[in-house]
J.: 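A single structure is presented below for examination.
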Amino acid sequence: MPFEEVKKIWMNGQFVDFADAKIHVLTHALHYGSGLFEGIRCYVTKNQGPAIFRLNEHTRRLYDSCRIYRMDVPFSQEEFRAACVEVVAANEFEDCYLRPLVYRGFHSLGVYPASCPVDVTIAAWQWGKYLGVEAIEHGVDVRVSSWNRMAPNTFPALAKATANYMNSILIRMEAAADGYAEGIALDVNGYVSEGSGENIFLVRDGKIYTPPLGASVLAGITRDSIIRIGRDLGYEVIETLIPREMLYIVDEVFFTGTAAEVTPVRTIDRVTVGNGRRGPITEHIQREYFAYIGGEVPDRYGWLTPVYPERAAAARKLAAVAAG
Ligand code: PPE
């Protein structure tokens, strides 16, 4: 689906029209992948109107990514968060996906980027279910990728760098070419790492497993949310190295990510996961996650940033009236 035009995109502190949000072909990041980005969702909540999910944590990760690449963001984290809120409001969005990008801009080419400016843009658009609406309930068919995730001390996995996504593209295209929805990549030691755009969780005998940060994974914000929610629901959640063959003998598997949310995996390399249906723990975790992002349960961890506080106050008032 091509982009539907949105009203405004934020570029270096100013709102510009969709049609004017352009850069030069000699931009450093276009040649060398010198960009760091985020993917953030804003959800309509029950009583507070649209609220951005885990804005603080996404902001922190973006600034961490920039720090790893020695890039000074010319805005404070507070200014950045305010800009994200404004982007949602300027586009009059309710549900949307935010895509901030910090990148080495236009000045000169050559790998050494010091003279290139650090530019910051934030766009937002409406993005439906990443792996399809069906997938949320029925799960996806995936393969183990023949591509590994990047080796440690090559491309830093903890930085959400545009360059890392060349590896993701290989994983995803290979999966698509063979008729799978997604690929699961192993790390260079052969341990399970992650999907092209999702972290992965496994369930066996009631316990939940996910690869540790040392297995070349992105430190997913959804991953963190699921670990937190899972533990609070009373499950044991274990971060540990996972050998490939564990994928074929577990009861349940699911992906997590901002775009993918919580998506069950139905088969891996044509081997059925569990009984081939969304497992009970996956469903339980999914239900809690969707209730949280939809504001149907109290925001006990302070993960929601309401975009329109006045509207939120009005909605709360109406809810109180309705409740008598
Ligand atoms: N691993 C990778 C490689 C990844 O790209 C993502 C997010 C995750 C894990 C999950 O991280 P988090 O969103 O913080 O829970 N992928 C983003 C981009 C997907 C895209 O196709 O673009 C996303 O989900 O926004």
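These numbers come from a predicted model, not from an experiment. Just so it is clear, the values below take in all heavy atoms, side chains as well, and ignore hydrogens, waters and symmetry mates. Remember, it's 1-based here, ligands and their atoms both numbered in the order they're listed. Start at 1 with the first residue, then count along the sequence.
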J.: If you count every heavy atom of other residues, nucleotides or ligands that lies below 6.0 Å from Trp147 atom CH2, does the total exceed 12?
T.: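 Check fails, neighbour count at 12 or below.
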J.: Where's the contact between Ser196 and ligand 1, heavy-atom distance under 4.0 Å: side chain, backbone, both or neither?
T.: backbone
J.: For atom 24 (O) of ligand 1, what's the nearest protein heavy-atom neighbour? Residue, atom name and distance, please.
T.: Ala259 N, 2.8 Å
J.: Would you mind checking which non-hydrogen protein atom is closest to atom 6 (C) of ligand 1, with the distance to 0.1 Å?
T.: Gly197 O, 3.3 Å
J.: Please work out whether the ring planes of Tyr130 and Trp127 are parallel, tilted or perpendicular, with thresholds of 30° and 60°.
T.: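 Ring orientation of Tyr130 relative to Trp127: perpendicular.
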J.: Going by the closest heavy atom to atom 2 (C) of ligand 1, which one wins out of Arg54, Glu194, Arg41?
T.: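 The residue whose heavy atom sits nearest atom 2 (C) of ligand 1 is Glu194.
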J.: When you look for heavy atoms under 4.0 Å from ligand 1, do you find them on the side chain of Glu198, its backbone, both, or neither?
T.: backbone
J.: Does a donor on one side chain and an acceptor on the other come within less than 3.5 Å for Thr59 and Gln77?
T.: no
J.: For ligand 1, is there an N or O atom under 3.5 Å from any N or O atom of Gly39?
T.: no
J.: Could you identify the single nearest non-hydrogen protein atom to atom 17 (C) of ligand 1 and state the distance to 0.1 Å?
T.: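 The closest heavy atom on the protein side is Lys160 NZ, 3.3 Å.
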J.: For atom 15 (O) of ligand 1, which protein heavy atom lies nearest, and how many Å away is it?
T.: Thr222 OG1, 2.5 Å
J.: For Arg278, run the side chain to side chain donor-acceptor pair (under 3.5 Å) check against Gln286, Glu137, His138 and tell me which one passes.
T.: Gln286
J.: Between the side chains of Thr263 and Glu198, does any donor sit under 3.5 Å from an acceptor?
T.: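 Side-chain D/A pair, Thr263 to Glu198: absent.
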J.: How far is atom 13 (O) of ligand 1 from its nearest protein heavy atom, and which residue and atom name does that atom have?
T.: Thr258 OG1, 2.5 Å
J.: Against heavy atoms of Gly220, which atoms of ligand 1 measure under 4.0 Å?
T.: 11 (O), 12 (P), 14 (O), 15 (O)
J.: Taking only residues two or more places apart in sequence or in another chain, which ones pass salt bridge (Lys or Arg N to Asp or Glu O under 4.0 Å) with Lys317?
T.: none
J.: At a 4.0 Å threshold, what atoms of ligand 1 neighbour a non-hydrogen atom of Gly257?
T.: 10 (C), 13 (O), 15 (O)
J.: Under 4.0 Å, heavy-atom basis, I'd like to know which part of Arg99 is in contact with ligand 1: side chain, backbone, both or neither.
T.: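 Only the side chain of Arg99 comes within reach of ligand 1.
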J.: Between Phe255 and ligand 1, find which residue part has any heavy-atom pair under 4.0 Å and reply side chain, backbone, both or neither.
T.: neither
J.: Is Glu5 atom CD crowded by more than 12 heavy atoms from other residues, nucleotides or ligands, each under 6.0 Å away?
T.: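 Enclosed.
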J.: What do you reckon, does Arg61 put a non-hydrogen atom under 4.0 Å from ligand 1?
T.: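 Distance cut 4.0 Å: Arg61 passes for ligand 1.
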J.: Should we say atom CZ of Arg60 is surrounded by more than 12 heavy atoms from elsewhere, each under 6.0 Å from it?
T.: no
J.: I'd like to check whether Gly195 has a polar contact with ligand 1, where a contact means an N/O of the residue lying under 3.5 Å from an N/O of the ligand.
T.: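 By distance alone, the answer is no.
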J.: Heavy-atom count around Tyr180 OH within 6.0 Å, excluding the residue itself: above 12?
T.: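 Yes.
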J.: Is it the case that more than 12 heavy atoms not belonging to Arg231 sit under 6.0 Å from its CZ atom?
T.: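 Enclosed.
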J.: Based purely on interatomic distance, does Arg149 place a nitrogen or oxygen under 3.5 Å from a nitrogen or oxygen of ligand 1?
T.: no
J.: Any nitrogen or oxygen of Tyr165, main chain or side chain, under 3.5 Å from a nitrogen or oxygen of ligand 1?
T.: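 Yes: some nitrogen or oxygen of Tyr165 is under 3.5 Å from one in ligand 1.
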J.: Is Ile221 isolated, or which residues cluster with it under the ILVMFWY side-chain rule of less than 4.5 Å, directly or via members?
T.: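 Under the 4.5 Å side-chain rule, Ile221 groups with nothing.
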J.: Please determine if Leu218 has a nitrogen or oxygen closer than 3.5 Å to a nitrogen or oxygen of ligand 1.
T.: no
J.: Under 4.0 Å from a heavy atom of Ile221: give me the atoms of ligand 1 that qualify, with their elements.
T.: 12 (P), 14 (O), 15 (O)
J.: Quick one: nearest non-hydrogen protein atom to atom 19 (C) of ligand 1, plus distance?
T.: Tyr130 OH, 3.4 Å
J.: Against the six-membered ring of Tyr32, is Arg104 placed for a cation-pi contact (under 6.0 Å from the centre, within 45° of the normal)?
T.: no
J.: Give me the residue, atom name and distance of the protein heavy atom closest to atom 25 (O) of ligand 1.
T.: Tyr97 OH, 2.4 Å
J.: Taking 4.0 angstrom as the limit and counting only heavy atoms of Trp127, give me the atoms of ligand 1 inside it, by number and element.
T.: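 Going through ligand 1 atom by atom, the ones under 4.0 Å from Trp127 are 20 (C), 21 (O), 22 (O).
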J.: Should the heavy atoms of other residues, nucleotides or ligands under 6.0 Å from CZ of Arg300 be counted, would the total exceed 12?
T.: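 It does: Arg300 CZ has more than 12 such atoms within range.
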